[in-house]
Structures are given as structure tokens and as C-alpha cells.
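Both ligands and their constituent atoms are indexed starting at 1 by order of listing.
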Amino acid sequence: MDFNHFRYINNTLHVENTSLKKLSKQYGTPLFVYSRQGIEQQWTAFNKAFKQQPHLICFSVKANSNIAVLNIMAKLGSGFDIVSEGELERALVAGAEAKKIVFSGVAKTSSAIKRALEVGIRCFNVESYPELDRIQSVAKNINKIANISIRVNPDVDAKTHPYISTGLKDNKFGVDINTAPQLYAKATTLSHINITGIDCHIGSQLTDTQPFVDALDKLLILKNKLQKQGINIYHLDIGGGLGIQYTNEQPPVIAEYIKDILVKLNDPQLEILIEPGRAIVGNAGVLLTEVEYLKSTAHKDFAIIDAAMNDLIRPALYQSYQEIKPITPRTDGVEKKWDLVGPVCETSDFLGKNRRLNLKATDILGVMSSGAYGFTMSSNYNSRPRAAEIMVDGDEYFEIRPRETFHDLFGKEQILP
Ligand code: LLP
């Protein structure tokens, strides 16, 4: 397995040129560490793969929304895919150009819609009839025109974990592709709505391009249908979802995936929007954690670590597997099979099970591929302050978010008078 910007130098895991041991000492654990080069490399791979095809990469902010991370991409000229007013404000503070922001999500509030119209975002990805009405009414009130695409549900099986599959008939997302023409027809009658595109997002952590190609096929059929209705489509938004290698998966490389899309598209004029999240930041991040105790029972060997499901919920929520590496592999002792469990009082609080590792208390471990859906899904459960985040940039590194304090935890709560 190759975690490109992570490698051992003198028996210590480094990210770029920076020792993770040094960072764990300086900032403590649990600690998220990201590689700027790793992020830039993946973003650039998407950008280059499109060649001459008009396109806009809209990084999916939910995957990693630290403003330093967003700013790195804003500087590269990235667009952003947001799903809330909070994500909109983050993206703007991070230097995003409003005209490169697309707004997805099934429950856009009136306040978020208003703010998005005021700053002039690129497009709303509309997910239902009532949402279209709401956008029309907010836009009319403030006398703005809303660009929209309709998120259609192409009913293709993304063949991924059911909780992160979004393009099936019985998912809450989007509008049935067969009835979408009626919604488009309605949109043409609304005074403050301007139709610009078609959108879809079929799921996350896809390891095969076929479902993407099948979905695109259906979007192209819809586009032709709409054109016959006299409705012009200027862009297709193909969503995010390209998977990464956590262990033995073999997802297509970015260039191959985009090539397959462009071959199917076969239209060098049409603009493609794409909303990758995980594929850009996933393997650019690690979660560092320290072994607190080793606890053996008659049945199991537990390594109790200081990171928990509140820091990284993916294993508990999706039974997902993330590689766990020693920061300084031991040369003494022997390997054993460990369950790596956190301090939270839940049986689902584990980051790895049955991992062959040679461990002692105080060892530092790295939970790999934690750059996406790590910090953004973290919580304060069990009154645990959220971890700090560090960005490594070659020989330099920056604390891009300090560890939360107890004041951050409950400083705004009030005891009754
Ligand atoms: N666009 C839309 C509309 C989305 O809902 C998502 C992800 C993306 C783009 C980005 O997908 P990506 O390229 O990152 O696969 N928490 C889960 C993943 C949830 C994905 C939700 N939507 C996990 O940790 O696996």
C-alpha cells in the first residue's frame, strides 16, 4: 500500500519531510495531520485529466472543511460543493469565489438560500419540488435570479456501503430521473429561476467507473429529452464519489476515471462539474493516537488508544477499515493481534480489529487515510475536546486548528439562576 506522501525515514513515519513522532510530541494526541502536497497532487490530477474539456472541480467541503484546506484549493482555482450555510461561510472565508460554488443538499433553509443568492453562487442543485418553490420565492423577494440544476436520481447501484449509496430509487436524494422533465418544465415557468444544468451524485467510495458511466448515460438521455422540450442544458454535474485505497481496494486512478467519463460524454463543448471530496483529501491525512493501556482478557487483546469514535466515526458507523501503522516500528517484542479501542463508553468504539501489531503502552500509531470524513464528522461525545489539526508543507508545518479546551466544551453553557 502506498500512502504517497507518507513514508518511513530512519524507522519513523514522516509526512513529506516532517516526522510524525515530532508532531505527536509537540501537539499531543489525538492529532490530525494533513499533507499540502498530497491535497494539491490529487486536485491537480483531476484538473489535468479534463484536458481541453470545459470543467469545474467543486471540492466537496463536507469531506474536510478546515479553512486552511479549502484555501489551498481556492488558490488552485477550485470551486466548492456545499450543503449548508455554515459550509458556505467557511468557503467564503477560505477565499472561494462565489461564482464557483454549487449548493447541494435536501434541506436548504431559506436563510441559506438568501445568503447564497446575495453572494452570487454558481448554481443550486435542486432536490425536490418544494425546494424549487422556495428558491423561487426567496429569489423573488430579493430580486435575484437563481441558477439551478436538478439533482436527478438515476437509479444506478453504486455498489458501495448502503449508508453512503445515494443514487437508488429508495434514497432520499434527488428527483426520480423519469419525472424530472416535469420539474424542469415547471422551472421554466418560474420568474426568478434560470435552468443551467443537470446534477447527480450516486454515492461515495466507488471503486469502479461503470456506475458513473451508467449514470452519465442516463443524464445524456435526459439532456436530449429536455432539449426536445426546448430546455437548454449548459453543464452536467456528475457529483463526487470516486473511491480511494484504504487497504486492498483498487479504485480507478483519477485520469482513467475522467477519461471514461469524457469518452462516454463525447461532447467537447459541454461543461462538466465534478464534486470530489474523499479522492482529494482522504489519503492526504493521518490521525495520530497514543496507546494508553494494553489490556488482555481470556478472549481478546485490547490496545486502548487515546483516539475514539468521536474523533473518527467511520469504523463505528460503516464498519470501515483504515490501515493502522506504528509511527516508530518496534524492533524488540513480537506481533500480536490487537483490537484497537478508544476511551468512549460504547462497544462500537473501535478504530481497528484484529490488527497484527507489535505494541507497548505509549507507542504512537497512525490511522491512515483519515483526511476525509475524519475531523468533519468528529464530535464532543463523552466530553472529549476535539483534536488539533496540523498542515504539513514540506519542511514546515502549521497548527491550522488548536485542540479544543474545556472552555470550548462547556464555556457557553449556563447554570439556572
Ligand atoms: N457531492 C454530494 C452531493 C455528496 O453528497 C457527496 C458526499 C460528495 C459530493 C462527495 O463525495 P466523495 O467524493 O467524498 O465520495 N461519511 C461517509 C461519506 C459520505 C458521503 C456523503 N456525500 C464516509 O466517511 O465514508
Side-chain angles (χ1 to χ4, degrees), residues 39 42-43 45-46 56-65 69 73 78-84 87 91 101-108 123-128 131 149-154 158-168 171-175 197-209 211-212 215 236-247 249 251-252 254 257-258 261 272-285 287 309 311-322 351 367-379:
I39 295 169
Q42 297 301 92
W43 191 93
F46 273 104
L56 180 63
I57 298 162
C58 296
F59 172 68
S60 191
V61 171
K62 65 173 84 65
N64 189 322
S65 58
V69 172
M73 281 181 262
S78 191
F80 295 91
D81 162 53
I82 58 157
V83 293
S84 70
E87 287 191 351
I101 294 177
V102 297
F103 195 166
S104 307
V106 291
K108 299 174 189 76
C123 186
F124 291 89
N125 293 332
V126 176
E127 303 230 10
S128 66
E131 183 194 326
S149 71
I150 289 171
R151 176 170 175 182
V152 296
N153 187 333
K159 300 195 175 67
T160 182
H161 190 283
Y163 287 8
I164 52 176
S165 199
T166 49
L168 286 169
N171 294 137
K172 71 176 172 183
F173 301 99
V175 173
I198 306 176
D199 169 51
C200 82
H201 170 77
I202 57 173
S204 198
Q205 186 53 17
L206 274 71
T207 51
D208 181 14
T209 48
F212 290 116
L236 296 184
D237 182 336
I238 59 172
L242 180 64
I244 60 169
Q245 196 176 26
Y246 284 100
T247 171
E249 306 91 335
I254 292 168
Y257 156 58
I258 300 299
I261 294 287
I272 297 297
L273 270 52
I274 186 168
E275 304 169 356
R278 188 189 324 259
I280 293 181
V281 290
N283 274 332
L287 171 61
M309 64 189 287
D311 301 299
L312 181 69
I313 202 175
R314 304 191 65 260
L317 195 56
Y318 318 114
Q319 295 76 47
S320 60
Y321 180 99
Q322 293 185 211
L351 296 188
V367 185
M368 308 306 289
S369 314
S370 294
Y373 306 109
F375 188 89
T376 51
M377 294 183 83
S378 66
S379 75

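- Between the side chains of Asn125 and Glu275, at least one donor-acceptor pair of N or O atoms lies under 3.5 Å.
- At a threshold of 4.0 Å, the pair Glu131-Lys108 counts as salt-bridged, since one of the basic side-chain nitrogens sits closer than that to a carboxylate oxygen.
- With respect to the salt-bridge test (charged N to carboxylate O, under 4.0 angstrom), the residues Arg151 and Asp237 do not qualify.
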Steps toward side-chain contact (heavy atoms from CB on, under 4.5 Å) verdict (Val152, Ile198):
CA-CA 7 Å; Val152 296; Ile198 306 176; 4.1 Å; yes

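- Counting heavy atoms closer than 4.0 Å to ligand 1, residue Leu317 contributes nothing at all.
- Using a non-hydrogen distance threshold of 4.0 Å, Gly239 does not register as a contact of ligand 1.
- If you look at Phe173 next to ligand 1, there are no close heavy atoms at all, none under 4.0 Å.
- Contact between Met377 and Leu317 at its shortest, heavy atoms only, is CE-CD2, 3.9 Å.
- Between Pro315 and Met309, every side-chain heavy-atom pair lies at or beyond the 4.5 Å cut-off.
- Near Gly277, the atoms of ligand 1 lying under 4.0 angstrom from a non-hydrogen atom of the residue are 12 (P), 13 (O), 14 (O).
- When all heavy atoms of Arg278 and Ser204 are compared, the pair lying nearest together is NH2-OG, 2.7 Å.
- Shown in contact with Lys62 at under 4.0 Å from a heavy atom are these atoms of ligand 1, numbered in order with element: 2 (C), 4 (C), 5 (O), 6 (C), 7 (C), 8 (C), 21 (C), 22 (N).
- For His201, every heavy-atom contact with ligand 1 shorter than 4.0 Å involves the side chain, none the backbone.
- The N/O atoms of Arg151, backbone and side chain alike, include none that comes under 3.5 Å of an N/O atom in ligand 1.
- Of all the listed residues (Phe103, Tyr246, Tyr318), Tyr318 holds the heavy atom that lies closest to atom 23 (C) of ligand 1.
- Close approach of ligand 1 to Arg314 (heavy-atom distance below 4.0 Å) involves ligand atoms 23 (C), 24 (O), 25 (O).
- Side-chain contact check for Glu87 and Ser65: no donor-acceptor pair (N or O, by modelled atom type) lies under 3.5 Å.
- Ligand 1 is never approached by Ala372 to a heavy-atom distance shorter than 4.0 Å.
- When non-hydrogen atoms are compared, ligand 1 lies under 4.0 Å from the backbone of Glu275 as well as from its side chain.
- Each of the following atoms of ligand 1 lies closer than 4.0 Å to a heavy atom of Met377: 16 (N).
- Listed by atom number, the atoms of ligand 1 under 4.0 Å from Ser204 heavy atoms are 11 (O), 12 (P), 14 (O), 15 (O), 18 (C), 20 (C).
- Any N or O atom pair closer than 3.5 Å counts here, and Asp81 shares at least one such pair with ligand 1.
- Atoms of ligand 1 lying under 4.0 Å from at least one heavy atom of Pro276, given by number and element, are 13 (O).
- Using cut-offs of 30° and 60° for the angle between ring planes, the Phe212 and Tyr257 rings count as tilted.
- Any N or O atom pair closer than 3.5 Å counts here, and Gly241 shares at least one such pair with ligand 1.
- Defined by atom type and a distance below 3.5 Å, a donor-acceptor pair is missing between the side-chain atoms of Thr376 and Asn64.
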